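What follows is a single structure, written as structure tokens, with notes after it.
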Amino acid sequence: MTQPPVTQPPDQPAAQPSNHGGPVDGTSPWADDGFATKAIHAGQEPEERTGAVAVPIFQTSTYAQDQVGITRAGYDYSRAGNPTRTALEEALSALENGRHTAAFASGMAAADAALRALLRPGDHLIIPIDAYGGTFRLIDKIAVPWGVSYTAVPLGDTGAVRAALRPETKLIWCETPTNPLLGIADIAALADIAHGAPGGAKLLVDNTFATAYLQQPLELGADVVLHSTTKYIGGHSDVIGGSLTTADDEIGEQFAFHAKSMGGVAGPFDSWLTLRGVKTLAVRMDRHCDNAEQIVELLTENPKVGTVYYPGLPEHPGHQVAARQMRRFGGMVSFRVRGGQEEAVKICSRTRLFTLGESLGGVESLIEVPALMTHMSVAGSELEVPADLIRISVGIEDIDDLMTDLADALA
Ligand SMILES: *Cc1c(COP(=O)(O)O)cnc(C)c1O
């Protein structure tokens with residue numbers, strides 16, 4: 001099949017190349033640190049044939065070839081590549097100041113691909129003592145039987161990280177801030193440790209809690225950034241997704257190869273929903289941070305509340321490092337409840353705006369008890385979380401309503 005010829009109405013001059021929404025001369029119409037502009041425009045030029053401003057959902061599995069092996073735009077099958085997914089991948093690369101992104105069907109699919117691409121059986125990796133539960137399960141139950149070994153370390157303690165290095169250590173897996181205890185690791189220091197390791201290790205940073213708006217791990221020396229785009233990047237609790245971004249061409253090629261070979265790629269509609277979220281990431285994150293700061297103030301003054309975990313608090317052990325490597329401190333807050341788990345469960349059942357549920361990073365506020373919900377899989381392990389811990393994902397509702405709701409639940 002051939003394209004119908006594009007004709008110009010006779011009374012109109014032939015179209016001139018324009019750079020509306022897209023570079024034509026190889027330069028970008030945004031500054032390197034123009035985050036909000038990149039979020040809306042990078043990878044999202046108006047569609048060539050129709051000028052559609054919103055990236056179309058290319059809901060197709062396959063693509064017509066003009067001759068055997070000759071494709072129109074490099075696409076031959078949507079597991080290997082799809083234009084809607086490409087748009088998301090280019091946007092995420094721009095936001096992280098990387099060069100290559102692979103978008104996956106979930107954060108865990110991205111994590112799995114990262115482990116397979118960066119490790120071989122026999123290798124060793126270092127993981128955070130308070131890693132996301134699903135990450136811990138993937139490594140402990142899937143990667144270990146595959147043949148790798150790991151050491152769980154508090155990543156805020158660089159001495160402990162150094163002590164855990166072995167000749168076969170090939171990867172440091174970092175989360176900062178961590179889920180659910182908001183621990184902070186020094187990304188630049190970990191990059192130095194990884195790159196100076198006897199076996200030459202890589203540093204991967206799970207940037208899900210901070211997002212590229214608050215923290216740019218590649219700029220700090222990390223080799224790979226992982227996202228559960230399900231959270232802040234999607235931002236509306238309506239899609240599951242994940243991504244891997246790198247500035248290294250060889251690693252980028254490995255990720256694309258693993259995505260295509262293992263097949264856990266993001267579908268066109270999921271990519272489109274995620275891309276729609278990306279556009280408002282900067283404004284949403286600022287509101288998440290504004291609201292979280294006020295919620296933290298309320299919590300620290302409440303007699304029912306024990307320790308409050310928020311990297312913006314000066315007494316937080318990682319505060320200095322967080323202040324150096326983050327733009328702001330994020331929308332996630334955890335706290336311990338005087339009265340134990342029973343009381344924590346009661347508080348979660350009393351909120352009316354904070355919805356009791358897993359996940360985080362959406363526009364709506366969520367509340368949960370990690371030990372009984374998101375972090376069940378680490379019960380009994382060295383990664384176990386306090387039983388009386390409550391984690392909240394502070395949404396972007398009116399702050400007064402959120403304050404009233406939480407204060408009432410704590411009363
Ligand atoms: C949710 C989450 C993941 C897993 O992502 P999914 O999209 O749920 O598969 C990984 N890391 C962190 C920090 C998360 O919060």
Side-chain angles (χ1 to χ4, degrees), residues 85 88 92 96 101-116 125 127-143 152 155 171-185 187 204-215 217 222 224-245 259 262-267 270-271 273-274 277-278 285 288 309 311 326 329-334 357-362 366-368 370 373-378 383 385 389 391-395:
R85 188 164 94 231
L88 172 63
L92 294 176
E96 291 286 359
T101 295
F104 293 86
S106 70
M108 294 322 303
D112 191 25
L115 291 169
R116 310 278 181 169
L125 78 158
I127 65 169
I129 192 98
D130 49 356
Y132 171 68
T135 299
F136 175 70
R137 182 175 53 202
L138 173 69
I139 292 170
D140 191 55
K141 300 287 193 286
I142 309 266
L155 292 191
L171 179 63
I172 298 178
W173 186 289
C174 169
E175 264 182 70
T176 183
T178 60
N179 179 5
L181 289 171
L182 287 309
I184 297 293
I187 295 171
L204 176 149
V205 176
D206 181 336
N207 206 23
T208 298
F209 268 39
T211 79
Y213 181 63
L214 299 181
Q215 174 172 279
V224 177
V225 171
L226 178 145
H227 280 287
S228 167
T229 56
T230 310
K231 314 296 169 51
Y232 287 105
I233 291 180
H236 295 75
S237 305
D238 54 10
V239 60
I240 300 275
S243 66
L244 295 172
T245 301
M262 294 164 72
V265 296
D270 286 1
S271 297
L273 279 171
T274 307
V278 164
M285 287 315 289
H288 283 295
Y309 301 87
M326 297 178 77
F329 302 104
M332 296 300 297
V333 182
S334 292
E358 302 197 355
S359 197
L360 61 109
L366 297 172
I367 190 165
E368 65 128 357
M373 298 171 64
T374 47
H375 289 67
M376 284 266 275
S377 58
V378 296
L383 289 84
V385 298
L389 192 76
R391 186 190 78 179
I392 56 181
S393 173
V394 183

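Since this is a predicted model, take the numbers as computed values, not measurements. In listed order, ligands and their atoms are each counted from 1.
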query: Under 3.5 Å, is there a donor-acceptor pair between the side chain of S393 and the main chain of M332?
result: no
field: Subset of ligand 1 atoms that lie under 4.0 Å from at least one heavy atom of S106
entry: 7 (O), 9 (O)
- prompt: Nearest protein heavy atom to atom 14 (C) of ligand 1, by residue and atom, and its distance?
  reply: K231 NZ, 3.0 Å
message: Show me which atoms of ligand 1 lie under 4.0 Å from any heavy atom of N179.
response: 15 (O)
message: Closer than 3.5 angstrom, by distance alone: can the side chain of S271 be matched with the main-chain N or O of L88 as a donor-acceptor pair?
response: no
message: Tell me whether L226 has any N or O atom under 3.5 angstrom from an N or O of ligand 1.
response: no
- prompt: Which protein heavy atom lies closest to atom 12 (C) of ligand 1, and at what distance to 0.1 Å?
  reply: D206 OD2, 3.4 Å
message: Out of S228, A110, A109, A131, who is nearest to atom 5 (O) of ligand 1 when you count heavy atoms only?
response: S228
- prompt: Looking only at N/O atoms, are T230 and ligand 1 under 3.5 Å apart anywhere?
  reply: yes
statement: Hits for salt bridge (charged side-chain N to carboxylate O under 4.0 Å, His left out) against E368, two or more places apart or cross-chain, chain-then-number order -> R391
- prompt: In Å, rounded to the nearest 0.5 Å, how long is the span from CG of D140 to OG1 of T135?
  reply: 12.0 Å
statement: Ranked by distance from atom 3 (C) of ligand 1, the top protein heavy atom is Y132 CE2, 3.3 Å
task: Examine distances only and state if a side-chain atom of T208 and a backbone atom of H227 form a donor-acceptor pair shorter than 3.5 Å.
output: no
query: With a 4.5 Å heavy-atom cut-off, do L115 and W173 have their side chains touching?
result: yes
task: Enter the distance from I392:CD1 to S334:OG here, rounded to the nearest 0.5 Å.
output: 8.0 Å
message: Within the 4.0 Å heavy-atom shell around G107, which atoms of ligand 1 are there?
response: 5 (O), 6 (P), 7 (O), 9 (O)
statement: Numbered in order shown, the ligand 1 atoms found under 4.0 Å of a heavy atom of G241 are 7 (O)
task: Report yes if E175 has an N/O atom closer than 3.5 Å to an N/O atom of ligand 1; otherwise report no.
output: no
message: Strictly distance-based, threshold 3.5 Å: is any side-chain N or O of E175 a donor or acceptor partner for the main-chain N or O of Y132?
response: yes
